[in-house]
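One structure below.
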Amino acid sequence: MSTDVSAAERTAESTGTPAASDAPASPRRIRPSQIAVAIGLVFALITIASGVLATVLQWHDDSSVQREVFGNIPSAWKLVFYTVLPVAIVYGAVVFSWRVRNWERGGPDDRGTTRRNVGRRLKDFRAGVYMQTLLRDPAAGIMHSLIYFSFLILLAVTTVLEINHQLPESAKFLHGDVYRGYALVGDLAGAAFVMGVVWALVRRYVVQPYRIRIKSKPEHLVILGTLLAIGVTGFAAEMFRIALAGRPDFEEWSVIGYPLSGLVDTLDNVAGWHQAWWIAHVVSFLLFIVILPVTMLRHMFTSPLNMYLRDHERPKGAMKAMPNLMETELETFGASTVEDFTWKQLLDADACTMCGRCTSVCPAHATGKSLDPREIVLKAGEVMARTGTPAVSPPIGMDPEITVSANSLFERITPEEVWACTSCKACDEICPVNIEILDKILDMRRYLSLMESNFPTELGTAYRSMENSGNPWGMSQSDRGAWAAKLDGVSIVEPGGTFDHEYLYWVGCAGSFDDKNQKVSVAMAKLMQRAGLDFAILGPSENCTGDPARRSGNEYIFQMLAMQNVETLNGMGVRKIVTQCPHCFNTLGNEYPQLGGNYEVVHHSQLLEWLIAEGRLDMSDARLDERVVYHDSCYLGRHNDVYLAPRKVIGSLGGIEIVEAGRNGTKGLCCGAGGARMWMEETTGKKVNDERSQELIATGASRIATACPFCYIMIDDGAKAAGKEDDEVRVGDISMHLLEALEERDARRLETLAD
């Protein structure tokens with residue numbers, strides 16, 4: 001999709017005023033909406049040409065094993081067919097172009113195809129069209145595959161028939177054994193198609209999974225009814241066509257139509273019945289074309305396009321960059337109107353299949369909060385659709401009493417929904433068509449935070465603490481390195497000095513100030529010392545990375561903190577950083593490059609995995625004879641795809657039994673602290689950390705391993721709330737469990753030597 005519509009052009013279109021006359025003239029380029037119309041016109045012209053050629057040339061196949069195209073269909077009806085079908089195609093293209101015109105309202109987003117990313121784009125596209133993402137839910141995946149692939153085969157069967165129709169006698173190929181195979185493929189595809197549609201009807205209206213039931217609308221019945229009509233009328237027309245031809249033996253390869261023809265070959269007026277069912281089949285297909293651009297059927301085109309455009313330059317865990325707010329004056333921040341989103345974010349709304357997978361994995365929704373990720377997409381789409389020129393149908397049918405009077409996103413989306421998000425990225429990860437839901441929420445947070453100061457009161461306290469004290473805890477920076485006093489040999493680098501160590505140990509705010517996580521800092525320092533790793537800490541020179549500010553929309557505070565850190569790190573010549581906090585890991589590694597900070601950042605789970613693999617940590621005889629469950633950190637897992645490292649670290653211990661919670665890996669449940677929720681009160685519904693802790697406890701584990709300071713705090717609090725003390729279920733960071741096993745091993749060895 002083109003992204004070169006200038007801001008001036010978008011403003012001129014929305015206000016009706018011309019762009020500034022003194023702006024340099026640029027050649028008008030073809031818009032995506034114009035391309036949509038052009039494609040429709042091309043297909044319409046091909047259809048017309050096909051009808052004209054077949055009528056004028058009158059080429060026939062004299063083979064005894066073949067199918068006569070338009071057999072038993074009067075010439076007048078053929079003329080109507082070749083007239084109405086092109087009109088329907090052009091209508092569908094024009095109406096679809098109105099939707100594309102809505103996407104053009106969005107801001108730029110570089111999703112161009114280059115030699116560097118074309119491979120990734122094609123891989124994402126194949127994953128979608130091959131149903132790989134949908135097949136993660138086998139029932140839904142197989143059902144969609146039956147409909148989708150069968151429809152493509154039936155479309156190909158029809159196209160092949162029409163191509164053969166245009167060829168001269170000497171070039172025709174659809175006869176003999178080729179026709180027999182053709183008939184077999186067509187009937188099997190038709191049977192699979194009808195089976196898939198019936199399955200979809202049963203799933204939506206009989207089985208009714210929650211995520212589907214709550215969004216079922218009349219248009220779903222129209223869509224499925226139309227698809228079923230195409231399949232049923234196709235078989236009915238075939239049944240009477242074969243019966244009318246006297247049921248020749250070669251038609252036995254029509255494994256559905258031939259047996260059915262035996263039921264009707266003795267009826268009166270078989271020719272009339274054939275014509276009636278042929279008309280019904282054509283009308284069903286025309287109805288399909290008409291509803292295609294105005295119902296969720298449009299995702300047949302928009303979803304594959306969205307999947308192809310998935311790849312972008314910034315890392316998976318990074319938020320969109322903003323200009324330097326210290327030097328740039330912007331009239332508005334974040335997103336409050338349709339035009340504040342990028343064109344790709346607006347395409348998302350029309351690519352949504354309304355499947356509700358995002359809803360099913362959202363921790364906020366699961367615990368009774370107002371947030372439903374699917375609703376964020378659909379509500380944004382409603383505002384976009386109703387304020388377009390012309391207005392188009394919303395992504396899915398709206399209740400009549402709901403109105404949209406302006407292009408403000410907050411016409412339909414409430415601040416409560418936006419602030420309930422934990423930024424866990426579960427919605428993005430599970431979406432089968434790669435819709436970027438989290439970006440939309442974070443952009444709206446930027447507007448609420450920076451433009452309206454509309455954020456939870458307790459978050460304001462964290463903002464002031466970060467701005468004044470350099471950390472959200474509001475603790476004195478001079479105390480940052482106090483935990484290291486418990487150890488010997490931990491170097492604290494003075495500001496302005498040269499960093500002459502291999503690794504900078506980025507302790508983070510939690511590891512510096514939180515009582516629980518100071519134990520993690522101590523454990524990690526001891527493990528690095530055991531491995532002979534050359535490291536140092538910054539102590540008072542270390543500021544918060546700014547993750548809580550950025551994830552809650554306060555880009556100003558984020559940039560203030562991040563720029564100070566980048567200046568410090570670059571000034572010292574730091575190259576390698578190890579951090580125990582996935583939020584610091586993500587921000588330092590994925591977002592600081594936006595501000596000129598480029599470092600090799602590793603999470604402590606990755607470092608420990610490497611140290612163990614290299615033999616620098618001697619794990620011989622280290623054991624914990626207990627059952628352990630690992631809780632996935634969202635910012636380590638879904639944001640950065642690190643799932644195995646912490647599990648391998650725990651798995652390096654002898655004697656343990658590793659179990660998994662019901663929701664783990666890419667489907668793991670958030671602890672509830674991400675997206676700056678750590679500093680917001682949770683007053684609605686069940687607490688997310690209580691839900692997750694109970695799930696972990698239900699595994700029967702005597703230890704819960706974490707790899708994130710927020711997770712450690714939240715899961716430990718949740719376990720205590722569930723009545724589990726440390727002697728029943730011990731919660732701790734992987735480094736704590738590892739160090740305990742090593743120290744117990746050392747103690748046993750000393751006892752052996754003493755004996």
message = The test is salt bridge (Lys or Arg N to Asp or Glu O under 4.0 Å); show your working for E682 and K369 and say whether it passes.
response = CA-CA 9 Å; E682 194 171 352; K369 314 301 188 292; 2.8 Å; yes
message = Please check this pair: side chain of S552 against backbone of A549, looking for a donor-acceptor N/O pair closer than 3.5 Å.
response = yes
message = If we ignore hydrogens and angles and just use 3.5 Å, is the side chain of Y592 paired with the main-chain N or O of T545 as donor and acceptor?
response = yes
ask   = Between the side chain of E104 and the main-chain N/O of S33, is any donor-acceptor distance below 3.5 Å?
value = yes
query = Atom SG of C544 and atom CZ of F558: how far apart are they, to the nearest 0.5 Å?
reply = 9.5 Å
For the student: nearest non-hydrogen atoms of A385 and N102, plus distance = CA-ND2, 3.9 Å
task = Mind jotting down which residue pairs meet the side chain to side chain donor-acceptor pair (under 3.5 Å) criterion with at least one end in residues 376-390? Sequence neighbours excluded, please.
result = R105-T387, K379-E417, E382-R412
message = Under the criterion side-chain contact (heavy atoms from CB on, under 4.5 Å), I'd like the reasoning laid out for Y447 against F410: C-alpha separation, chi angles, the key distance, then a yes or no.
response = CA-CA 11 Å; Y447 177 82; F410 297 105; 3.7 Å; yes
request  = Spell out, as yes or no, whether a donor-acceptor pair under 3.5 Å connects the side chain of D109 to the backbone of T342.
outcome  = no
inquiry  = Using side-chain heavy atoms (C-beta onward) and a distance below 4.5 Å, is R31 in contact with V100?
reply    = no
query = Are any non-hydrogen side-chain atoms of T666 and I430 less than 4.5 angstrom apart?
reply = no
query = Do we see a donor-acceptor contact under 3.5 Å between the side chains of Y308 and T113?
reply = yes
task = Specify the closest pair of heavy atoms between F710 and A673, including all atoms of both residues, with the distance to one decimal.
result = CB-CB, 3.7 Å
ask   = Is any side-chain N of the basic residue among D439 and R314 closer than 4.0 Å to the acidic one's carboxylate O?
value = yes
request  = With rounding to the nearest 0.5 Å, note down the distance linking OG1 in T587 to CG in L595.
outcome  = 11.0 Å
task = Looking only at non-hydrogen atoms, find the nearest pair between R357 and A140 and report the distance.
result = NH2-CB, 3.1 Å
Criterion side chain to side chain contact (heavy atoms under 4.5 Å, CB included) against P456, the qualifying member of M680, E416, E681 = M680
inquiry  = For N306 and D348, which I'm curious about, is there any donor-acceptor pair between the side chains at under 3.5 Å?
reply    = yes
Trace of the side-chain contact (heavy atoms from CB on, under 4.5 Å) decision for M384 with F341 = CA-CA 10 Å; M384 175 183 71; F341 279 149; over 6 Å; no
inquiry  = Around atom CD of E452, are there more than 12 heavy atoms from other residues, nucleotides or ligands closer than 6.0 Å?
reply    = yes
query = Just how far is it from atom OG of S370 to atom CD1 of I413, taken to the nearest 0.5 Å?
reply = 11.5 Å
query = Quick one: does L561's side chain get under 4.5 Å of M466's, heavy atoms only?
reply = yes
message = Please check: side-chain N/O of S423 versus main-chain N/O of G675, any donor-acceptor pairing under 3.5 Å?
response = yes
ask   = Are L450 and E555 side-chain neighbours, meaning at least one heavy-atom pair lies under 4.5 Å?
value = yes
key: Separation between CG of N117 and CZ of R111, rounded to the nearest 0.5 Å   = 10.5 Å
K425 vs C634 side-chain heavy atoms within contact, under 4.5 Å = no
Test item: C584 and D547 side chains (from C-beta on) under 4.5 Å apart, heavy atoms = no
ask   = Can you tell me how far NE2 of H299 sits from OG1 of T302, rounded to the nearest 0.5 angstrom?
value = 7.5 Å
query = Would the F96 and Y91 ring centres measure less than 6.0 Å apart?
reply = no
Check: N565 side chain, N543 main-chain N or O, donor-acceptor pair, under 3.5 Å = yes
query = Looking only at atom types and distance, does a side-chain atom of Q345 sit under 3.5 Å from a main-chain N or O of E436, one as donor and one as acceptor?
reply = no
query = What's the shortest heavy-atom distance between P293 and V290, and which atoms?
reply = CD-O, 3.3 Å
request  = Using a cut-off of 6.0 Å, state whether more than 12 heavy atoms not belonging to Y599 lie near its atom OH.
outcome  = yes
query = D428 and R638: salt bridge (Lys or Arg N to Asp or Glu O under 4.0 Å), yes or no, with the steps?
reply = CA-CA 9 Å; D428 286 5; R638 283 187 288 262; over 6 Å; no
query = Could K320 and D443 be called an ion pair, given the rule that one side-chain N must be under 4.0 Å from one carboxylate O?
reply = yes
ask   = Run the side chain to side chain donor-acceptor pair (under 3.5 Å) check on D124 and N434 step by step: do they pass?
value = CA-CA 9 Å; D124 290 334; N434 301 136; over 6 Å; no
query = So, T226 side chain and V222 main chain: donor-acceptor pair closer than 3.5 Å or not?
reply = yes
request  = Using atom types as modelled and distance alone, determine if a side-chain donor or acceptor of N468 lies under 3.5 Å from a backbone N or O of G470.
outcome  = no
key: Close side-chain approach of F288 to F285, heavy-atom, < 4.5 Å   = yes
request  = Could you tell me which residues satisfy ring pair (Phe, Tyr, Trp, His ring centres under 6.0 Å) with H639, sequence neighbours excluded, listed by chain and number?
outcome  = Y635
key: Derivation and outcome, side chain to side chain donor-acceptor pair (under 3.5 Å), residues T461 and R464   = CA-CA 5 Å; T461 302; R464 287 189 295 273; 3.3 Å; yes
ask   = Do any N or O atoms from the side chain of T337 and from the backbone of S408 form a donor-acceptor pair under 3.5 angstrom?
value = no
key: K123 atom NZ: more than 12 heavy-atom contacts under 6.0 Å   = no
task = Take F125 and Y130 through the test ring-ring contact (aromatic ring centres under 6.0 Å, His included) and record every step on the way to the result.
result = CA-CA 8 Å; F125 180 75; Y130 291 174; 8.5 Å; no
Donor-acceptor side-chain pairing of E411 and S405 below 3.5 angstrom = yes
message = I need the minimum non-hydrogen distance between P373 and T359, along with the two atoms involved.
response = CD-CA, 4.2 Å
ask   = Do T422 and R677 get their side chains close enough for a donor-acceptor pair, meaning under 3.5 Å?
value = no
message = Nearest 0.5 Å, please: how far is CD1 in I435 from CZ in R310?
response = 12.5 Å
inquiry  = If you define the side chain from C-beta out and look only at heavy atoms, does anything of K344 sit under 4.5 Å from H312?
reply    = no
message = Would you say that more than 12 heavy atoms from the other residues, nucleotides or ligands in this model lie under 6.0 Å from the NZ of K217, or not?
response = yes
message = With a sphere of 6.0 Å drawn around OH of Y556, does it hold more than 12 non-hydrogen atoms of other residues, nucleotides or ligands?
response = no
query = Considering residues, nucleotides and ligands other than F301, do more than 12 of their heavy atoms fall under 6.0 Å from its CZ?
reply = no
ask   = Going by atom types alone, do N590 and N640 pair a side-chain donor with an acceptor below 3.5 Å?
value = yes
query = Looking only at heavy atoms, which two atoms of S216 and R204 are closest? And how far apart?
reply = OG-NH1, 2.9 Å
task = Using the salt bridge (Lys or Arg N to Asp or Glu O under 4.0 Å) rule, take R116 and D311 through it: C-alpha gap first, then chi angles, then the decisive distance, then the call.
result = CA-CA 11 Å; R116 189 172 64 176; D311 189 70; over 6 Å; no
